[in-house]
2 protein chains.
Amino acid sequence: MGIFVKEFLKTKGFKMTPQRELIFRSFFEMGEHVSVDELYDKVRQEDSSVGYATVWRNLKLICKVGLAEEVNIGDGITRYDRVTRVPHGHLFCTSCKTVTEITVEQLVGLLSQTAKTRGFVPESFKIEVQGVCKECRGAAGEKDKSGASAGG
Amino acid sequence: MGIFVKEFLKTKGFKMTPQRELIFRSFFEMGEHVSVDELYDKVRQEDSSVGYATVWRNLKLICKVGLAEEVNIGDGITRYDRVTRVPHGHLFCTSCKTVTEITVEQLVGLLSQTAKTRGFVPESFKIEVQGVCKECRGAAGEKDKSGASAGG
DNA sequence: CACTAAATGAAAACGATTTTCATTTTCAAA
DNA sequence: TTTGAAAATGAAAATCGTTTTCATTTAGTG
């Protein structure tokens with residue numbers, strides 16, 4: 001973390017603060033699928049004066065600069081994943097609600113030879129691809145609407 | 001729609017009402033990725049006395065009986081897709097926010113020979129598989145927590 | 001027709017997210 | 001080191017999609 005992220009943010013016009021440092025570090029110490037509340041709890045173990053909005057804003061910032069992205073599993077809570085640049089999928093158990101990560105290779109195996117390796121019985125799946133469509137590439141220059149961009 | 005769905009619902013203990021008939025019919029007349037608000041608007045074009053909660057409850061019911069499932073693209077709005085039993089993916093343009101459907105075959109083509117067929121430049125993607133994990137299949141009997149079950 | 005359970009509509013409650021605003025802090029420039 | 005503008009913070013309130021409540025109406029069985 002430290003100096004690298006600080007310089008990285010500086011080049012984008014953002015300033016470094018103790019809270020931000022703590023929030024960023026905490027986020028990257030955690031696993032995947034981190035919710036705002038979870039990060040908030042962890043951050044406050046170290047500094048209980050940090051506000052919820054600050055944690056939330058910095059989580060958004062982490063996404064904005066492309067270091068993480070939102071994941072939505074349908075339970076109404078937005079979670080955040082580090083951008084690993086290694087495509088992977090998630091196994092959501094519809095019973096116990098756990099989330100397990102698998103690689104695309106594992107996914108292919110999972111779907112083709114059901115329940116062999118992982119004992120996970122797939123019921124349905126979704127594939128979502130983020131990107132820019134032909135029209136938008138043609139138009140060029142509509143990008144600054146929400147600021148955030150999905151890394152990948 | 002008509003009599004088939006009515007009988008189908010009856011066997012599950014649900015009653016048919018004019019509102020329900022209208023809501024179900026409207027939903028299946030619409031495309032995919034339908035939000036509550038969109039369905040509400042369409043329903044009220046035909047009967048403006050139907051309440052929002054009724055539309056919402058019936059959309060949930062459609063999911064509950066396995067005719068549709070929730071889709072979450074990360075904009076905070078839950079959308080609903082008919083269950084087609086044909087696995088497919090979604091292309092989300094990060095610029096204009098449009099959603100395009102593609103088959104898994106098209107997806108593979110898309111990812112391997114970028115931007116050839118559709119002109120869509122993929123930036124990242126997510127794969128989500130709904131199912132039941134080994135532990136839960138072993139445990140057996142925790143299923144009636146939320147009622148709804150993903151079809152597929 | 002009569003009865004019971006389900007369904008409805010309006011409004012309120014809920015809860016995660018997002019914004020507001022007064023204050024504090026960072027950081028580049030003087 | 002001091003200064004000033006822009007950014008960041010914390011607390012609280014606002015927002016907004018979702019869900020529940022409740023009194024009333026309706027569907028479907030007998």
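What you see is a predicted model, and the numbers here were worked out from it, not measured in a lab. We name chains A, B, ... by the order of the sequence lines, and we start the count at 1 in each one.
In this structure, Q19(B) does not reach the dA7(C) phosphate: none of its side-chain N or O atoms is under 4.0 Å from OP1 or OP2. Distances shorter than 4.0 Å separate some side-chain N or O of R20(A) from OP1 or OP2 on dT9(D).
Remark: the K15(B) side chain and the dA27(D) base include a donor-acceptor N/O pair separated by less than 3.5 Å. Side-chain atoms of R79(B) and base atoms of dT18(D) include no donor and acceptor less than 3.5 Å apart.
Using a 4.0 Å heavy-atom criterion, one finds that D37(A) contacts no nucleic acid atom at all.
When each of dT18(C), dG10(D), dG9(C) is scored by its nearest atom to the side-chain atoms of S49(B), the top-ranked nucleotide is dG9(C). For F14(B), counting side-chain heavy atoms from C-beta on, the closest listed nucleotide (dA7(C), dA10(C), dC27(C)) is dA7(C). In this structure, of dT20(D), dG10(D), dG9(C), it is dG10(D) that holds the atom nearest to the side chain of A53(A).
Taking atom CE of M16(A) as the reference point, atom C1' of dA28(C) lies 17 Å away to the nearest angstrom. Between the CD1 atom of I23(B) and the P atom of dT26(D) there is a distance of 15 Å, rounded to whole Å. Rounded to whole Å, the distance from CZ on F24(A) to C1' on dT9(D) is 15 Å. One atom, CG of L61(A), and another, P of dT18(C), lie 14 Å apart when rounded to the nearest Å. Straight-line distance from the CG atom of N58(B) to the C1' atom of dT19(D): 15 Å, rounded to whole Å. Rounded to a whole Å, the CZ atom of R57(A) is 13 Å from the C1' atom of dT24(C). Taking atom CD on E70(A) and atom C1' on dT17(C), their separation rounds to 10 Å, with Å as the unit. Look at CG on L9(B): it is 12 Å from C1' on dA7(C), rounded to the nearest Å.
Judged by distance alone, with hydrogens and angles left aside, the side-chain atoms of R82(B) form no donor-acceptor pair with the main-chain N or O of L67(B) at under 3.5 Å.
Put simply, the side chain of E69(B) does not reach to within 4.5 Å of the side chain of Y80(B), judged on heavy atoms.
Nearest-nucleotide assignment on DNA chain D puts the 5′-proximal partner with V55(A), out of T17(B) and V55(A). Mapping G51(B) and G13(B) onto DNA chain C via the closest heavy atom, the residue that lands nearer the 5' end is G13(B). Between P18(B) and T78(B), it is T78(B) whose nearest contact on DNA chain D lies nearer the 5' terminus.
Put simply, M30(A) and I77(A) are part of two different groups of oily side chains (I, L, V, M, F, W, Y) that touch within less than 4.5 Å, one to the next.
Between E70(B) and the options R79(B), K64(B), K60(B), a salt bridge (charged side-chain N to carboxylate O under 4.0 Å, His left out) holds for only K60(B).
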Test R20(B) against L61(B) for side chain to side chain contact (heavy atoms under 4.5 Å, CB included), laying out the working first. CA-CA 10 Å; R20(B) 175 160 294 167; L61(B) 179 62; 3.4 Å; yes
